[in-house]
Amino acid sequence: MATTVREVLPAPATRSRSVSAWTLRRRPAMEETGRIQSEPWGARRTPVRCLTAALFGATRRIHRLKLRSSFEVQPIEGKGLGVVAMRNISQGEMILEDQPMLAIPCKDLDRLTDRDVEEMVKALPQQKQDFFWKLFDAEIFGDKRSAKSRVLTNSYPVEDASGHECFGVFNSIARFNHSCVPNVHNSWDIETQSETLYASRDIFEGQELCTSYLKPKDLYRSSQERRQLLQRLKFRCNCEACSLTGEDAVRSDQRRKELQSLTRQLEESDTTVRPSERAALLQLVEQAIGLIDADFRKNPALKCRVYSAGFELAAELADLEMASKLAKAALEEILLVEGSTSPRTMMLQQCVDLCG
Ligand SMILES: C[S@@+](CC[C@H](N)C(=O)[O-])C[C@H]1O[C@@H](n2cnc3c(N)ncnc32)[C@H](O)[C@@H]1O
């Protein structure tokens, strides 16, 4: 039976609406325009606004200059090409910000032929076409290379400006390999229509930079279950967690199973085991954070999820003090890996402000 797109890559939670455009409506990147971007919402530019925009543009340029020297694409044993740190990178440093060269609505890829996708690629500027055809192809639909398979091999979930979920193909980001203990966090900003990558822990010169191709809840599965999920992308993961053996492998699986159960208790409103009082909630949150520190080496995005779920529960328990503490903790973590302007950061900032 032919593999369908949905079977291959789990699409993000569905919010289907009709689709009119294949490529994202997006602001031109600064490298393309060679000048500071104007404010997308077209606000009137007072002198203060002009100065802010100029400073914003200048800091982004400096950021980009610094980013250029932080990594390099190199061959990695057993993984094809990959991305390697060229200097020490601190936790919370932005590694990359990029806009997709192609974004194909998830719900449409199944019915598109290879020829359709090839036509979409042909519509890109020549340089981007060349990038696309140089990307790795995992031959997801059998033993042949194809444009669709290339999209699935390399894409990250993004949303176009109208909120349609798409497979986003990025030139630079496509070279990052997967790890079940990722040291890089990627996130999509619908406002700026760009993907940002931040270091989720300190990374040393020479180490490989890896994102996670799995959803957070799937990272909490056992190594065997993760292997099955990744097999759909036609590779056997040889990351540090999947390469563990003996007692270490058993312990890692146990920790992830426990995390799975704890996050269910925190996140699923219909479970009967949801903590119903402050002490139980606190214990659950602390346990989950300890396990993340142990098995994911302090992954801030996963910790933010735990604190956020705890915040929601504290609000349900009408415990304002606890809600405030947990919202602050969630904000602190997400600031590290998504910066101050991501939608999630801004939402959490509002929660913190609300709690006072
Ligand atoms: C998006 S590409 C990543 C870049 C790719 N290695 C290249 O050469 O361009 C995804 C492919 O990289 C390889 N890969 C990524 N993560 C891996 C891992 N943890 N273990 C083994 N292979 C991996 C697999 O072949 C996978 O299909």
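These figures come from a predicted structure and were not determined experimentally. Values below: all heavy atoms of this structure, side chains included; hydrogens, waters and symmetry mates excluded. Every number for a ligand or one of its atoms is a count from 1 in the order of the listing.
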Quick check: does Thr153 get an N/O under 3.5 Å from an N/O on ligand 1?
-> no
Heavy-atom nearest neighbour in the protein, as seen from atom 26 (C) of ligand 1, with distance rounded to 0.1 Å = Phe235 CD2, 3.5 Å
May I ask whether Cys237 places a heavy atom under 4.0 Å from ligand 1?
-> yes
Give yes if a backbone or side-chain nitrogen or oxygen of Ser179 is under 3.5 Å from a nitrogen or oxygen of ligand 1, and no if not.
-> no
With the threshold set at 4.0 Å, does a side-chain nitrogen-carboxylate oxygen contact exist between Lys144 and Asp114?
-> yes
Answer with side chain, backbone, both or neither: which part of Ala174 has a heavy atom less than 4.0 angstrom from an atom of ligand 1?
-> backbone
Decide if atom CD of Glu332 counts as having more than 12 heavy atoms of other residues, nucleotides or ligands within a radius under 6.0 Å.
-> no
Tyr220 six-ring face occupied by Arg264 cation (under 6.0 Å, within 45°) = no
Locate the shortest heavy-atom distance separating Leu336 from Pro300; write the atom from each residue and the value.
-> CD1-CG, 4.2 Å
Hey, looking at atom 21 (C) of ligand 1, which of Arg150, His178, Arg236 has the closest heavy atom?
-> Arg236
Could you pull out the closest heavy-atom pair between Asp189 and Ser342, with the gap in Å?
-> OD2-CA, 4.2 Å
Hey, looking at atom 12 (O) of ligand 1, which of Asn177, Leu135, Ile173, Asn154 has the closest heavy atom?
-> Asn177
Show your reasoning for whether side chain to side chain donor-acceptor pair (under 3.5 Å) applies to His164 and Glu159.
-> CA-CA 5 Å; His164 303 124; Glu159 283 184 16; over 6 Å; no
So Tyr213 and Tyr156, would you call those rings parallel, tilted or perpendicular, with 30° and 60° as cut-offs?
-> perpendicular
Subset of ligand 1 atoms that lie under 4.0 Å from at least one heavy atom of Gly80 | 8 (O)
Mark the output for Arg175 as yes if a heavy-atom distance to ligand 1 is under 4.0 Å, and as no if none is.
-> yes
Would you mind telling me if ligand 1 is within reach of the side chain of Tyr213, the backbone, both or neither, using heavy atoms under 4.0 Å?
-> side chain
What is the closest protein heavy atom to atom 8 (O) of ligand 1, and at what distance does it sit?
-> Leu81 N, 2.7 Å
Charged N to carboxylate O below 4.0 Å: is that the case for Glu338 and Arg344?
-> yes
Considering only heavy atoms of Ala138, which atoms of ligand 1 have at least one such atom less than 4.0 Å away?
-> 27 (O)
Using a strict 4.0 Å threshold on nitrogen-to-oxygen distance, state whether Glu208 and Lys79 make a salt bridge.
-> yes
Closer than 4.0 angstrom: is that true for some heavy atom of Gly82 and an atom of ligand 1?
-> no
Just checking, any donor-acceptor pair under 3.5 angstrom between side chains of Ser90 and Asp202?
-> no
Close-contact set for ligand 1 against Phe176 heavy atoms, below 4.0 Å = 3 (C)
In the protein, which heavy atom is nearest to atom 11 (C) of ligand 1, and how far is it?
-> Phe136 CD2, 3.8 Å
